[in-house]
Amino acid sequence: MHTEGSNPQSAIRNPQSRDFIRTIIAEDLKNNKHGGRVTTRFPPEPNGFLHIGHAKSICLNFGVALENNGVCHLRFDDTNPSKEEIAYVESIKKDVKWLGFDWGDNLFFASDYFEQLYDYAVQLIKMGKAYVCSLSAEEIREYRGTLTEPGRESPFRNRSLEENLDLFTRMRAGEFADGTHVLRAKIDMSSGNINMRDPVLYRILHASHHRTGDKWCLYPMYDYTHPISDAIEKITHSLCTLEFEDHRPFYDWLLDTLQTPAHPQQIEFARLNLTYTVMSKRKLLKLVNEKRVSGWDDPRMLTISGLRRRGYTPAAMRSFCDTIGLAKRESRVDMGVLENAIRNDLNDTAPRAMAVLRPLKVVITNYPQEQEEELEIDNHPKNPEMGKRQVTFCREIYIEQDDFLEEPPKKFFRLAPGREVRLRAAYLITCDKVVKDEQSGKIIELHCTYDPASRGGSSPDGRKVKGTLHWVSARHAISAEVRLYDRLFNVENPEADKETSFMSHLNSNSLLPLTDCRLEPGLAAAGVNDRFQFERLGYFCLDSVDTAPARPVFNRTVTLRDSWEKIGKNA
RNA sequence: UGGGGUGUCGUCAAGCGGUAAGACACAGGCCUUUGACGCCUGCAUUCGUAGGUUCGAAUCCUACCACCCCAGCCA
């Protein structure tokens, strides 16, 4: 990757603004609970792409480590070979790096611990704390009881140590078919917490693993793997989402029973939800598989890769994660907060440019046919260090169709017949004539006259000209495709109604490709990581996938705030 | 009917017994060669409800109510 995401220091939060997890950690540090050490981990399963919800967890885990001189491990929770792929681990690494975080040497895989995990299981069996259960999956479910009724003990619960050991060894050796036996912890079938009703530790899976190949046909379950992996890595604080709160008693039971050298503390927080989108990997995968989006990195997807392609910056993502806070209550953050984060960043950092998305030709009738002139324009209104550039003006230009109205409503201060407006950094022009297609009545072009004394856009006699339009030279502009994106779903919470699939709430207008846009020529030199503000329109970046030589495609990252649109809506 | 959680502005979110931060959104106004940006102002006498303790409660106690999660050999 390039360098833009490589400033982890900027991820450090204001220490004054503390959430409950940072408060706990500060307290632990004060009490020297883990020997004054903070070690966290980000533990994705490589079965899909990372999304913005993961970004919250990444910023938390790496952020907390950074703030406390600790380290954060990147550990892949790869215990289910049937769902996991090496391609996903690569994309995950890329995304974490891009966000600006560095795991250094601390790259781990749960699959690296398979041997140790197995040894611990043997130890559990020897302690009489685990047994091989030969009930079928359905039977196990029946024996488990319900939420309100206790479960029943498996008839295999009291197998002898020797038999358990023998069976477990043979399970590993591949003597049994999938589903015939599992290893279970022996805890309490009557516990109110279903996770304590003799949870399954190992299942037989004759599947090839992306890292261990065919070495194993026995794979450990998440609940068993995670605490031990944390302990092996001497994690101090194991931060996860709310749904694992019920699993914590088992987490603690396991590490207490095994007397592992370290006993990390699991703390749960609420996962991120955003309005107008879905967040689960399963649902994102469905969108990809059913071709409702172009892929995991479709710019409308709130995956890290989608947001990257859309033009979001790592800094904006971090700032967003900072803004939303951290708590235990379930919530849904307004999409506007995310948009605010990227606008804030890009407002400061993106050079300005002019682009006309829906061109309307304007002929300046009193401007000499052959004449052309270079006009100078600031690349940024507030930051002179970003320099200036030249744009060429001539007799034929394009303006935005939206910027002209034959019958302007009140408060519309753009172009209209007889009206004068300013062309940004160029001249004041007045509309004299509207040329229409005789057949359709469609406006073809505008004839205007310019005031030669207004070069640069100044008003020579101090007359008030309220409207300023962006424009592009018809002779010099380059052509490009510009893709306008809107929210992927048309309701705030696509998952609200359990009877209706979230898929039925897809916004059919979430992608609007405009194929004949005119851009100022300088934009031809844009690179994939460049971001621009197209004045009065929004922030845009070159599409990293579909751009071809001499055929640029720009993505709209986000619009500018538009109070004119608001006036229209309220009217 | 079991177990685990959570309830503070429209949306997030601080607050941890001393009299409701901040952000987004929203509404006005100023500024403006981007109707952008920036700036100013307003926006919870009230913290799920009801009682109680206290000089004083969002913070402590009691009861109730609402919502979320858990019955994968997924993570």
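Values below: every heavy atom of this structure, side chains too, minus hydrogens, waters and symmetry copies. Sequence lines set the chain letters: A, B, ... in the order given, protein chains first and strands last, and positions in each chain run from 1. Everything numeric here is computed off the predicted structure, so don't read it as measured data.
Using atom P as the reference point in both rU53(B) and rU62(B), the two lie 15 Å apart (nearest Å). To the nearest whole angstrom, the two P atoms, one in rC26(B) and one in rG10(B), are 15 Å apart. Comparing the C1' positions of rC9(B) and rC47(B) gives a spacing of 10 Å, expressed to the nearest Å. Separation of the C1' atoms belonging to rA21(B) and rU6(B) is 22 Å when rounded to the nearest angstrom. If you take atom C1' in rU33(B) and the same atom in rU46(B), they sit 47 Å apart, rounded to whole Å. For the C1' atoms, the distance from rA50(B) to rA57(B) is 15 Å, rounded to whole Å. Spacing of P atoms, rU19(B) relative to rG52(B), comes out at 24 Å, to the nearest Å. For the C1' atoms, the distance from rU49(B) to rC65(B) is 7 Å, rounded to whole Å.
In this structure, Ile267(A) atom CD1 and rG5(B) atom P are separated by 14 Å, rounded to whole Å. In this structure, CZ of Phe250(A) is placed 17 Å from C1' of rG4(B), rounded to the nearest angstrom. Put simply, CD1 on Ile52(A) is 14 Å from C1' on rC12(B), counting in whole angstrom units. Going from atom CD of Glu339(A) over to atom P of rC12(B) covers 17 Å, rounded to whole Å. Going from atom OH of Tyr276(A) over to atom P of rA25(B) covers 14 Å, rounded to whole Å. As rounded to whole Å, 11 Å separates atom C1' of rA13(B) from atom NZ of Lys56(A). Rounded to an integer number of Å, the gap from Leu60(A) CG to rA13(B) P is 13 Å. Atom-to-atom, CH2 of Trp253(A) to P of rG4(B) comes out at 19 Å; the value is rounded to the nearest Å.
Pairing for rA66(B) is with rU6(B), a Watson-Crick or G-U wobble pair whose two hydrogen-bonding atom distances lie under 3.5 Å. With a 3.5 Å ceiling on both atom-pair distances, rC43(B) lacks any Watson-Crick or G-U wobble partner. Nucleotide rC74(B) has no partner under the Watson-Crick or G-U criteria, as no pair reaches both atom distances under 3.5 Å.
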Could you list, one pair per line, each protein nitrogen or oxygen that sits under 3.5 Å from a nitrogen or oxygen of nucleotides 14-16 of chain B, together with the distance?
unit_1  : atom_1 : unit_2    : atom_2 : d
rA14(B) : OP1    : Leu326(A) : O      : 3.0

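Taking only side-chain nitrogens and oxygens, Ser191(A) never comes nearer than 4.0 Å to OP1 or OP2 of rG2(B).
Judged as a salt bridge (Lys or Arg N to Asp or Glu O under 4.0 Å), and not counting sequence neighbours, the contacts of Lys283(A) are Glu495(A). Contacts of Phe250(A) classified as ring-ring contact (aromatic ring centres under 6.0 Å, His included), with partners at least two apart in sequence or in another chain: Trp253(A). In this view, Asn493(A) and Arg332(A) satisfy the side-chain hydrogen bond (donor to acceptor under 3.5 Å, both in side chains) rule, not counting sequence neighbours. Annotation: side-chain hydrogen bond (donor to acceptor under 3.5 Å, both in side chains) contacts of Arg343(A) (sequence neighbours excluded): Thr559(A). Every residue was checked against the ring-ring contact (aromatic ring centres under 6.0 Å, His included) condition with Tyr276(A), not counting sequence neighbours, and none meets it. Every residue was checked against the ring-ring contact (aromatic ring centres under 6.0 Å, His included) condition with Phe42(A), not counting sequence neighbours, and none meets it. Residues forming a ring-ring contact (aromatic ring centres under 6.0 Å, His included) with His210(A) (at least two apart in sequence, or on another chain): none.
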| remark: Quick tally for nucleotides 29-35 of chain B: nucleotides whose base has a protein heavy atom under 4.0 Å get B, sugar-phosphate-only ones S, the rest -, giving ---BBBB
| Where along nucleotides 67-75 of chain B does protein come under 4.0 Å, by heavy atom, of base (B) or sugar-phosphate alone (S), with - for untouched nucleotides? | -SBBBSBSB
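Considering only heavy atoms from C-beta on, Leu274(A) comes within 4.5 Å of Phe320(A) through its side chain.
The residue among Asp334(A) and Arg343(A) whose nearest nucleotide of RNA chain B is located toward the 5' end is Asp334(A).
Residue pairs that meet the salt bridge (charged side-chain N to carboxylate O under 4.0 Å, His left out) test with at least one member in residues 177-204 of chain A, sequence neighbours left out, are Arg157(A)-Asp198(A). The list of salt bridge (charged side-chain N to carboxylate O under 4.0 Å, His left out) pairs with a residue in residues 74-87 of chain A, not counting sequence neighbours, reads Arg75(A)-Asp230(A), Arg75(A)-Glu233(A).
In this structure, Arg172(A) satisfies the cation-pi test against Tyr118(A), with its NZ or CZ atom closer than 6.0 Å to the six-membered ring centre and inside 45 degrees of the ring normal.
With Cys448(A) as reference, Ile429(A) is the one residue of Ile429(A), Thr430(A), Leu423(A) to meet the side chain to side chain contact (heavy atoms under 4.5 Å, CB included) rule.
The 12-atom threshold is exceeded at CZ of Arg211(A), counting heavy atoms of other residues, nucleotides or ligands nearer than 6.0 Å.
For rG72(B), the glycosidic angle deviates from 0 by 90° or less, giving a syn base.
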